Amino acid sequence: MKKTFTILLAGVLLTLVATPALAAPRARIDLKTKRTAAVVEGDTAWVALTWTAGSVDATDFRVVATSSDRGISISYPETTGDYSSLMADDTLSSGEIDFTSLQVSVPYGSKNVKLTVVATWTTDGERQTRTYKVKVPVARFKGDDIAQSTDDVGSVGVGTASELGEASWLGIEWTGIAPIIENVRMTVKGPADLTITYPDEGSFTSLQYDDTLLDGETDIARIRVDTSSMGPGSYTLDVLLSYTKGTDNLSVIGTVAFEVAG
């Protein structure tokens, strides 16, 4: 009997030694978004990633994304800085659905963008990490890049630029339609007896704010005129606006009317 008890006790001890301590449960985090909403080439837009948690909570939830595709840049909400967290807070509770936001900038000419998304979180004091793959579709931009918003600059008196003062400056407004155009420059030709000059005695004029137009943004380009050799009447200016869109150098032409008052 003693021998049997000794054998049983030894078996119990062996079992206790051989059985590992239970590890902290690993949170199952599922990324529901495999493909985001499309971003138009040349544009910068926010995309959302939807997440859900399994049977345990994930706290201090953070997401960082990268892409090896050319020219892609990724940024995060100002409140989190160099990562993105959840909309509600930084905890993804068991069974909860929440999302994180990424701001993605896509150059002209890009095709579908591949993101590598790394999520980190804490469950029962253990920091956990998992990597996911996400595709961002890129839509082609179609249509005009820019619109001339001014077709008549109004009336100007007869006189030199210094005599006319502020009235010698004529402005033509332009509105961006493409996501972004850069290096905007405008040159203008008029009647032979009209003298046209540009700001800072340059060979062209740019926009008042800067040389870039974003989608929906309107800015003005100004020229200065000397009408001292002209007679009263209605005249037309020929306008050339050049710009770059991505790696392409492009231009548009237009006309604008003005009146020389007697």
Side-chain angles (χ1 to χ4, degrees), residues 39-45 71 73 78 103 105-109 139-262:
V39 177
V40 177
E41 61 172 335
D43 206 358
T44 297
S73 63
E78 291 184 2
Q103 191 176 53
S105 295
V106 180
Y108 287 106
R140 300 274 75 79
F141 175 77
K142 298 179 180 180
D144 295 333
D145 297 328
I146 190 171
Q148 181 182 327
S149 304
T150 302
D151 56 15
D152 191 326
V153 293
S155 179
V156 184
V158 176
T160 65
S162 59
E163 289 171 342
L164 294 171
E166 186 62 30
S168 66
W169 288 98
L170 306 181
I172 302 172
E173 289 188 331
W174 300 87
T175 299
I177 302 174
I180 182 173
I181 61 172
E182 300 173 294
N183 303 312
V184 175
R185 298 182 174 191
M186 185 181 77
T187 55
V188 180
K189 290 184 178 181
D193 48 1
L194 175 68
T195 301
I196 297 173
T197 56
Y198 302 103
D200 301 321
E201 303 301 325
S203 58
F204 63 89
T205 183
S206 189
L207 301 168
Q208 180 170 286
Y209 183 70
D210 56 25
D211 66 353
T212 299
L213 270 182
L214 303 178
D215 177 17
E217 179 186 9
T218 297
D219 205 344
I220 190 168
R222 297 184 184 277
I223 59 171
R224 199 174 194 189
V225 295
D226 181 327
T227 60
S228 58
S229 299
M230 301 182 70
S234 298
Y235 297 91
T236 299
L237 300 174
D238 295 320
V239 179
L240 173 67
L241 191 87
S242 63
Y243 59 93
T244 59
K245 188 175 77 170
T247 58
D248 296 329
N249 296 312
L250 303 169
S251 63
V252 294
I253 58 175
T255 60
V256 64
F258 75 106
E259 185 87 12
V260 175

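Computed over heavy atoms, backbone and side chain alike; hydrogens, waters and symmetry mates excluded. Every value quoted in this text rests on a predicted model; they were computed, and no experiment measured them.
- For residues 157-177, there are no ring-ring contact (aromatic ring centres under 6.0 Å, His included) pairs, not counting sequence neighbours.
- Of all the heavy atoms in P107 and G71, the pair that sits closest is CG-O, 3.3 Å.
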Does the pair D211 and R185 meet the rule for a side-chain contact (heavy atoms from CB on, under 4.5 Å), with working shown?
CA-CA 7 Å; D211 66 353; R185 298 182 174 191; over 6 Å; no

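- Proximity of a side-chain donor or acceptor of D144 to a complementary backbone N or O of I146 within less than 3.5 Å is not detected.
- Side chain of E173 to backbone of I220: no donor-acceptor contact under 3.5 angstrom is found.
- The backbone N or O of P179 sits nowhere less than 3.5 Å from a side-chain atom of E41 that would complete a donor-acceptor pair.
- Between L164 and G159 the shortest heavy-atom distance is CD1-O, 3.6 Å.
- Of the inter-residue distances, the one linking Y108 atom OH with D43 atom CG reads 8.0 Å to the nearest 0.5 angstrom.
- Here I253 contributes atom CD1 and Q148 contributes atom CD; the two are 10.5 Å apart, rounded to the nearest 0.5 Å.
- For L213 against G176, the heavy-atom pair with the smallest separation is CD1-N, 3.8 Å.
- A salt bridge (charged side-chain N to carboxylate O under 4.0 Å, His left out) check over residues 155-170, counting only residues at least two apart or in different chains, returns nothing.
- Distance check, rounded to the nearest 0.5 Å: CD1 of I196 to OG1 of T205 gives 11.5 Å.
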Intermediate values then yes/no, side-chain contact (heavy atoms from CB on, under 4.5 Å), I172 and M186:
CA-CA 10 Å; I172 302 172; M186 185 181 77; 4.0 Å; yes

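- Checking each of I223, L170, L194 against V188 for a side chain to side chain contact (heavy atoms under 4.5 Å, CB included) leaves exactly one that passes, namely I223.
- For the residue pair L237 and G190, the shortest heavy atom distance occurs at CD2-CA, 3.8 Å.
- Pairs of residues two or more places apart, or lying in two chains, that qualify as side-chain hydrogen bond (donor to acceptor under 3.5 Å, both in side chains) and include a residue from residues 218-239 are S168-R224, T175-T218, Q208-R222, D226-S228, S234-E259.
- Residues passing the side-chain hydrogen bond (donor to acceptor under 3.5 Å, both in side chains) test with T187: none are found, sequence neighbours excluded.
- Across T150 and V153, no two heavy atoms sit closer than the pair CG2-CG1, 4.0 Å.
- S206 and V184 make their closest contact through OG-O, 2.8 Å (heavy atoms, listed as atom of the first residue, atom of the second, distance).
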Using a 3.5 Å cut-off and no angle test, enumerate the donor-acceptor pairs between side-chain atoms of residues 239-251 and protein atoms at least two apart in sequence or in another chain.
from : atom 1 : to   : atom 2 : distance (Å)
Y243 : OH     : D145 : OD2    : 2.7
T244 : OG1    : E182 : O      : 3.3
T244 : OG1    : N183 : ND2    : 2.9
K245 : NZ     : D145 : OD1    : 3.0

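- Sorted by first and then second residue, the ring-ring contact (aromatic ring centres under 6.0 Å, His included) pairs with a member in residues 188-207 form an empty list; sequence neighbours excluded.
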